[in-house]
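Atoms within each ligand, like the ligands themselves, are counted from 1 in listed order. Quick note: numbers below take in every heavy atom, side chains included, and nothing from hydrogens, waters or symmetry partners. Keep in mind that this is a model prediction, so the values were computed, not measured.
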Amino acid sequence: MECCSLESIFSEIDDNYKRIRERIAEAAIKSGRKEDEIRFMAVTKTVPPAMICHAISLGIDLIGENKVQELLSKEEDLPPNVEKHIIGHLQTNKVTKAISAASMIQSVDSLHLAEQIDKASQRLGKVTPVLLEINIGSEESKSGFPLDGFIENIYNISLYKNLKVCGLMTIPPVCETPDEARKFFSATRKLFVDIGAENIDNIDMQILSMGMSADYYEAILEGATLVRVGSALFGNRRY
Ligand SMILES: *Cc1c(COP(=O)(O)O)cnc(C)c1O
């Protein structure tokens with residue numbers, strides 16, 4: 001970091017956020033919606049608390065972390081009123097910590113994990129809001145529910161009373177251009193609408209979480225209601 005003063009990093013975040021907001025507003029209008037119908041999440045993995053706090057000072061009220069441990073390590077340096085979601089693959093032995101530290105798990109990717117979250121939530125006397133992660137490109141390397149059998153899985157999950165399904169999350173396959181990702185976003189959106197139309201007890205299709213730094217604009221055009229943006233806001237991650 002010897003090159004960059006904190007002020008210059010902050011002003012870069014300011015500029016980035018301004019540009020992102022303009023593009024979100026534009027995409028929202030193009031998709032027939034209002035800017036405030038799209039929720040913005042700052043993805044904060046590897047980002048130090050000082051930078052996260054600066055982003056929060058710009059009005060960002062939702063952050064996403066991939067790892068429970070990393071969220072816990074930053075928690076006391078963050079303002080208490082910021083909403084935190086887990087967006088990375090969650091190991092079942094971290095479920096209790098995850099649902100205590102985060103207000104939503106966006107990355108529920110198996111029936112087994114859903115069951116563990118239900119059980120842990122019951123022990124804590126709470127209902128945990130979750131999104132179901134769908135492997136829309138049917139990629140071996142990715143977590144998420146396969147499309148095959150997804151509806152049966154949903155019906156099974158709907159029986160878990162301490163878990164509240166609020167929508168879907170997806171990460172499309174890596175595409176050469178953001179335009180190529182649109183077909184995956186549109187397929188996810190179709191699933192979202194179809195499941196919503198089934199009117200399943202305890203399954204409420206309200207949040208469609210899709211779109212990252214490279215393709216949040218296209219995701220909004222295809223119906224995303226929540227975008228998860230990391231590097232376009234904070235700059236490239238330094239591991
Ligand atoms: C890292 C990550 C993001 C943000 O990625 P960027 O390309 O940096 O915007 C979004 N969603 C998930 C699940 C991630 O792991």
Side-chain angles (χ1 to χ4, degrees), residues 9 12-13 15-24 27 38-49 51-52 54-56 58 60-71 73-74 82-91 94 98 101-110 113 117 129-137 139 141-145 166-182 184-185 188-189 192 207-239:
I9 292 174
E12 208 175 304
I13 294 174
D15 294 347
N16 291 343
Y17 189 51
K18 187 159 173 281
R19 195 172 53 241
I20 293 167
R21 293 261 36 137
E22 284 166 5
R23 295 191 74 220
I24 289 176
I38 316 295
R39 188 99 196 261
F40 181 85
M41 166 188 280
V43 175
T44 52
K45 58 177 178 245
T46 77
V47 178
M51 282 166 72
I52 304 172
H54 182 72
I56 291 169
L58 302 177
I60 292 170
D61 61 0
L62 172 62
I63 64 165
E65 281 282 351
N66 290 60
K67 298 188 177 128
V68 180
Q69 217 49 52
E70 190 171 339
L71 176 59
S73 76
K74 292 173 184 173
V82 67
E83 198 178 331
K84 306 162 202 109
H85 294 180
I86 290 289
I87 59 171
H89 176 68
L90 179 60
Q91 291 168 283
K94 306 227 166 78
S103 64
M104 180 180 278
I105 312 297
Q106 290 205 3
S107 41
V108 173
D109 53 10
S110 71
L113 178 59
I117 294 174
V130 303
L131 303 183
L132 303 180
E133 181 176 358
I134 179 98
N135 185 353
I136 197 68
E139 296 172 283
S141 59
K142 281 225 173 88
S143 46
F145 284 94
C166 304
L168 301 181
M169 187 271 252
T170 200
I171 307 173
V174 175
C175 294
E176 295 220 340
T177 67
D179 251 353
E180 284 171 40
R182 288 185 66 163
F184 296 107
F185 293 140
T188 309
R189 151 91 185 180
F192 179 79
I207 301 175
L208 183 54
S209 171
M210 56 186 195
M212 319 201 302
S213 289
D215 53 19
Y216 63 87
Y217 188 90
E218 288 73 17
I220 294 169
L221 294 183
E222 297 297 347
T225 70
L226 186 156
V227 293
R228 311 178 308 268
V229 177
S231 48
L233 178 66
F234 294 113
N236 287 332
R237 284 183 280 278
R238 301 170 192 84
Y239 286 96

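- Closest to atom 10 (C) of ligand 1, if we only count protein heavy atoms, is Met212 SD, 3.1 Å.
- Below 4.0 Å from some heavy atom of Ile171 lie the following atoms of ligand 1, by number and element: 13 (C).
- The protein heavy-atom contact nearest to atom 9 (O) of ligand 1 is Ser213 OG, 2.5 Å.
- Counting only heavy atoms of the protein, atom 11 (N) of ligand 1 lies nearest to Arg228 NE, 2.9 Å.
- No side-chain donor-acceptor contact under 3.5 Å links Thr170 to the backbone of Met210.
- Checked for salt-bridge contact, Glu139 and Lys142 meet the test: a charged N lies under 4.0 Å from a carboxylate O.
- Ile24 is listed as a side-chain neighbour of Phe40, based on a closest heavy-atom distance under 4.5 Å.
- Ligand 1 places these atoms under 4.0 Å from at least one heavy atom of Val43: 1 (C), 2 (C), 3 (C), 4 (C), 10 (C).
- At a heavy-atom distance under 4.0 Å, atoms from both the backbone and the side chain of Ile87 approach ligand 1.
- A donor-acceptor contact under 3.5 angstrom links the side chains of Glu83 and His85, judged on distance only.
- The two atoms that bring Ser213 and Val229 nearest to each other are OG-CG1, 3.6 Å, heavy atoms only.
- The contact set between ligand 1 and Ser231, taken as ligand atoms under 4.0 Å from a residue heavy atom, comprises 6 (P), 7 (O), 8 (O), 9 (O).
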Query raised in the report: Could you walk me through whether Leu131 and Cys166 pass the side-chain contact (heavy atoms from CB on, under 4.5 Å) check?
Result: CA-CA 6 Å; Leu131 303 183; Cys166 304; 4.0 Å; yes
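- In summary, Asp61 and Arg39 engage in a salt bridge, as defined by a charged side-chain N under 4.0 Å from a carboxylate O.
- Interface of Gly230 with ligand 1, defined as ligand atoms under 4.0 Å from a residue heavy atom, comprises 4 (C), 6 (P), 8 (O), 9 (O).
- Every atom of ligand 1 is numbered from 1 in the order shown, and the set under 4.0 Å from a heavy atom of Asn66 is 14 (C), 15 (O).
- Taking a cutoff of 4.0 Å between a charged side-chain nitrogen and a carboxylate oxygen, Glu218 and Arg182 do not qualify as a salt bridge.
- The shortest N/O to N/O separation between Val229 and ligand 1 does not fall below 3.5 Å.
- Considering only non-hydrogen protein atoms, atom 14 (C) of ligand 1 sits nearest to Lys45 NZ, 2.9 Å.
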